[in-house]
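We name chains A, B, ... by the order of the sequence lines, and we start the count at 1 in each one. All of these numbers come straight from a predicted model, not from anything done at the bench.
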Amino acid sequence: MPVLKLFNTMGRSLQEFVAQNPPSVGFYGCGPTVYNYAHIGNLRTYVFEDILVRTLRRFGFKVTHVMNITDVGHLSGDDDMGEDKMVRSAEERGQTVLQIAQFYTDAFFADTDRLNIVRPTIVCKATDHIQDMIDLIKRIEANGFTYMAGGNLYFDVSKFPHYGELANLKLEELRAGARTKVDENKRNPHDFVLWFTKSKFENQALVWDSPWGRGYPGWHIECSAMSMKYLGENFDIHAGGIDHISVHHTNEIAQSEAATGKPWVRYWLHAEFLVMDNGKMSKSKGDFLTLQSLTDRGFDPIDFRYFCLGGHYRSQLTFSWEGMEQAKASRKSLVERILDLREKAQGKVADVPGGRAKERLDRFDGYLADDLSAPRALAELWQLVKDPEIPPAEALAAAFDMDSVLGLKLSEARREEQTFDPVFAGEIEKLVQERILAKKSKDWAKADAIRTGLKARGITLEDTPAGTIWKKL
RNA sequence: GGCGCCGUACCCAAGUGGUAAGGGAGAGGUCUGCAAAACCUUUAUGCGGCGGUCCAAUUCCGCCCGGCGCCUCCA
């Protein structure tokens with residue numbers, strides 16, 4: 001395998017990936033806050049993380065993938081007088097916060113399953129790790145990075161010299177340009193809460209006892225506590241959306257390294273946003289597209305996955321229905337080619353692709369190795385399935401190999417005949433035979449009538465040299 | 001104000017200091033009773049504009065125009 005290079009946000013450069021303890025790789029990906037459905041922008045990031053994990057595994061690494069489920073502590077902004085997201089959602093539905101969390105957690109994994117995203121090795125809920133967070137905060141406190149103010153425990157960013165390195169922030173300038181509506185308890189606008197006992201709103205549903213009083217953890221601490229618990233005090237990769245660079249990940253680094261006194265994460269990867277024609281999609285504004293809204297329009301979840309793969313993860317991708325239509329058409333055509341190859345290979349798939357197929361597979365791996373260039377990798381797959389000089393059985397072997405990373409379910413592709421309800425299929429088969437007879441007697445009117453009739457029922461006929469085949473429209 | 005990104009054919013979207021991947025859509029052709037599918041051919045002397053560096057720039061630098069993201073919960 002070629003040398004894997006990844007763009008590290010820390011340092012903003014393409015760097016050779018060197019695992020700390022090869023072949024093991026510790027990977028932490030920020031998971032969802034489960035107060036609502038994931039929207040397709042969220043899902044784009046998870047598709048990216050899936051490509052990352054699958055690529056690492058293809059390149060021989062043993063990946064431990066940890067993902068958090070944020071079910072507490074994710075508060076509204078500094079100057080936002082609104083409620084806790086979880087609490088609001090619970091009140092609206094007349095359920096408990098934990099019921100809400102469970103419902104949307106299930107919905108989240110149902111979505112990622114449909115997108116053929118491999119489940120994380122470890123999924124951990126914030127509410128199951130409160131003691132770990134408290135223990136970690138104690139260490140941060142013991143090292144002198146905290147202060148109490150107004151009942152809350154704050155992290156003092158001025159004590160952490162490297163604060164803001166990930167985001168290229170300079171504290172002096174930030175002070176000057178700071179906003180006015182910040183929490184008045186803060187000494188520095190960028191200080192953040194590690195533990196709340198005084199909330200800006202009432203009815204905090206979940207509270208725990210702690211050395212600082214009864215309350216609940218700040219948002220950032222869960223990722224530090226849980227990642228260290230499962231991956232150790234320093235690990236290889238941490239990934240998430242680009243919006244997390246300046247606040248969430250910056251704060252995670254500060255508190256983690258303040259606790260341990262040593263470097264925490266080696267590689268930081270961030271996925272750019274999926275944006276709508278008129279700007280970004282906002283989960284908190286309530287109007288956003290879910291995977292379900294795509295399938296309601298007749299798209300297969302994998303069409304969306306294909307759509308995501310068409311753009312590089314570090315580039316903004318603009319969502320549009322037209323773009324989805326194109327992805328759908330494109331994927332359909334790709335699957336058609338796989339089916340054709342299957343028929344030509346008469347069910348055979350080479351054990352190991354050789355010759356020209358191997359060359360294309362190598363090129364494919366080279367593209368993945370170059371900062372996960374899915375668009376070029378996908379283009380290479382197209383070149384492969386279109387290459388007339390490659391024997392079908394070899395092409396299939398290489399294509400399925402590529403799909404171990406792309407995840408387009410190519411090996412599961414079947415002609416509709418094989419997946420249809422047998423009764424319905426038998427009925428169609430009968431009509432097809434009738435039409436063949438009509439054609440033999442040159443009764444074009446009847447033949448065309450049958451074809452038109454089937455089309456109305458969503459079935460299209462194709463007369464190939466090998467006979468008539470039918471498929472779903 | 002600070003940080004960062006983008007502007008490539010009708011559409012989506014890669015990419016490179018030496019002359020533009022791939023897909024969708026369109027057009028022409030082969031095949032066909034007609035279709036469909038498939039296959040073949042075809043679609044940017046051009047990469048927002050203006051300068052600069054260079055033997056050579058779409059690719060580097062500067063400026064300008066246009067669009068977007070983050071800095072506040074958000075992938």
Side-chain angles (χ1 to χ4, degrees), chain A residues 9 12 29-33 35-36 38-49 70 73-80 82 84-85 164 167-170 173-174 176-179 181-182 189-190 219 239-248 250 270-276 278-285 288 306-307 309-312 314-320 322-334 336-337 340 367 370 373-383 386 388 439 442-445 447-448 451-452 455 460-465 468-471:
Chain A
T9 305
R12 310 278 164 125
C30 282
T33 301
Y35 69 98
N36 205 332
H39 65 230
I40 58 175
N42 300 131
L43 294 172
R44 181 203 186 182
T45 297
Y46 296 110
V47 168
F48 146 68
E49 291 181 5
T70 300
H74 206 159
L75 308 178
S76 303
D78 255 0
D79 60 336
D80 185 342
D84 178 299
K85 293 173 175 183
N168 281 339
L169 303 178
K170 296 182 192 71
E173 294 175 16
L174 288 172
R179 300 174 180 225
K181 279 191 188 172
V182 293
H190 281 72
W219 173 42
I242 194 169
D243 55 323
H244 280 155
I245 294 173
S246 56
V247 178
H248 185 47
T250 287
H270 292 94
E272 252 292 359
F273 273 145
L274 176 77
V275 298
M276 305 301 286
N278 59 346
K280 84 156 183 170
M281 219 176 306
S282 178
K283 197 168 177 180
S284 54
K285 281 181 196 158
F288 53 81
Y306 188 98
F307 176 80
L309 263 33
H312 188 93
R314 285 197 291 118
S315 295
Q316 277 183 3
L317 185 59
T318 305
F319 178 86
S320 68
E322 190 187 354
M324 276 303 295
E325 292 291 353
Q326 292 180 3
K328 180 182 180 177
S330 189
R331 190 178 72 85
K332 185 181 171 197
S333 165
L334 181 62
E336 228 9 85
R337 283 177 186 277
D340 280 351
Y367 293 140
D370 184 14
S373 187
R376 279 185 289 164
L378 191 55
E380 194 59 40
L381 170 60
W382 271 99
Q383 295 295 76
K386 281 169 50 175
K439 280 179 66 179
K442 294 196 192 295
D443 186 352
W444 308 129
D448 289 350
R451 188 168 63 196
T452 316
K455 193 163 190 174
T460 180
L461 297 185
E462 291 174 18
D463 296 329
T464 74
T468 299
I469 62 170
W470 55 270
K471 5 176 139 164

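One interatomic measurement links the two molecules: CZ of A:Phe319 to P of B:G69, which rounds to 17 Å at whole-angstrom precision. Atom NZ of A:Lys455 and atom P of B:A36 are 8 Å apart (whole Å). Atoms CD (A:Glu462) and P (B:C39) sit 12 Å apart, rounded to a whole Å. As a whole-Å value, the separation of A:Ile245 CD1 from B:U72 P is 14 Å. One can place CZ of A:Phe273 at 9 Å from P of B:G69, the figure rounded to the nearest angstrom. Here the P atom of nucleotide B:G23 and the CD atom of A:Glu325 are 19 Å apart, to the nearest Å. What separates CD of A:Gln316 from C1' of B:C6 is a distance of 7 Å, to the nearest Å. Atom CZ of A:Arg337 and atom C1' of B:G24 are 13 Å apart (whole Å).
Considering only heavy atoms from C-beta on, A:Ile40 stays 4.5 Å or farther from A:Arg44 through its side chain. Using a 4.5 Å heavy-atom threshold, the side chains of A:Phe48 and A:Glu272 count as separate. A:Thr45 places none of its side-chain heavy atoms less than 4.5 Å from the side chain of A:Leu274. Counting heavy atoms from C-beta on, the side chains of A:Asn42 and A:Phe288 never come closer than 4.5 Å. Residues A:Glu322 and A:Gln326 form a side-chain contact, since some pair of their non-hydrogen atoms from C-beta on lies under 4.5 Å apart. Contact of the A:Phe319 side chain with the A:Met324 side chain is registered, since non-hydrogen atoms from C-beta on lie closer than 4.5 Å.
For a distance-only test at 3.5 Å, the side chain of A:Gln326 qualifies as a donor-acceptor partner of the base of B:C11. Checked by distance alone, A:Arg314 brings no side-chain donor or acceptor within 3.5 Å of a matching partner on the base of B:C6. Interface remark: the A:Asp243 side chain does not form any donor-acceptor pair with the B:G69 base, using a distance-only criterion of under 3.5 Å.
Across all strands shown, A:Trp444 has heavy atoms under 4.0 Å from base atoms, whether or not it also approaches the sugar-phosphate. A:Ala329 comes within 4.0 angstrom of sugar-phosphate atoms only, judged by non-hydrogen atoms across all strands, and of no base. Among the protein residues, A:Ser320 comes within range of no part of the nucleic acid, since none of its heavy atoms lies under 4.0 Å from any strand. Residue-level contact check: A:Leu461 touches the bases, meaning some heavy atom is under 4.0 Å from a base atom. Within 4.0 Å of A:His312, counting heavy atoms only, lie sugar-phosphate atoms of the nucleic acid but no base atom. Within 4.0 Å (heavy atoms only), A:Glu380 reaches no atom of the nucleic acid at all. Contact annotation for A:Gly41: base contact, defined as any heavy-atom pair under 4.0 Å involving a base atom. At a threshold of 4.0 angstrom between heavy atoms, the contacts of A:Arg451 include nucleobase atoms, whether or not backbone atoms are also involved.
The partner of B:G66 is B:C6, by the rule that a Watson-Crick or G-U pair needs both atom distances under 3.5 Å. Summarising the base pairing, B:C60 is matched to B:G52 through a Watson-Crick or G-U wobble pair whose two defining distances lie under 3.5 Å. Base pairing of B:G17 is not made with any nucleotide, judged by Watson-Crick or G-U wobble geometry with both donor-acceptor distances under 3.5 Å. A 3.5 Å limit on both hydrogen-bonding distances identifies no Watson-Crick or G-U partner for B:U45. Applying the Watson-Crick and G-U wobble criteria (two distances, each under 3.5 Å), B:G1 pairs with B:C71.
Between the P atoms of B:G49 and B:C65, the separation comes to 15 Å (whole Å). Separation of the P atoms belonging to B:A25 and B:C31 is 24 Å when rounded to the nearest angstrom. Distance noted for atom P between B:C5 and B:C10: 28 Å (whole Å). For the P atom pair drawn from B:C47 and B:G4, the interatomic distance equals 28 Å after rounding to whole Å. For the C1' atom pair drawn from B:A13 and B:G17, the interatomic distance equals 22 Å after rounding to whole Å. A distance of about 14 Å separates the C1' atoms of B:A14 and B:C6, rounded to the whole Å.
A salt bridge links A:Arg451 to A:Asp448: at least one charged side-chain nitrogen sits closer than 4.0 Å to a carboxylate oxygen.
Between the side chain of A:Thr250 and the backbone N or O of A:Ile245 there is at least one donor-acceptor pair closer than 3.5 Å.
The residue among A:Asp463 and A:Glu272 whose nearest nucleotide of RNA chain B is located toward the 5' end is A:Asp463. Where A:Arg44 and A:Ala327 each meet RNA chain B at their nearest nucleotide, the meeting point lying more 5' is that of A:Ala327.
Of the side-chain N and O atoms in A:Asn168, none sit less than 4.0 angstrom from OP1 or OP2 of B:G2. Regarding contacts with the backbone of B:C34, every side-chain N or O of A:Lys439 stays at 4.0 angstrom or more from both OP1 and OP2. For A:Ser333, a side-chain nitrogen or oxygen approaches OP1 or OP2 of B:G24 to under 4.0 Å. One finds no side-chain N or O of A:Ser315 lying less than 4.0 angstrom from the OP1 or OP2 phosphate oxygen of B:C5.
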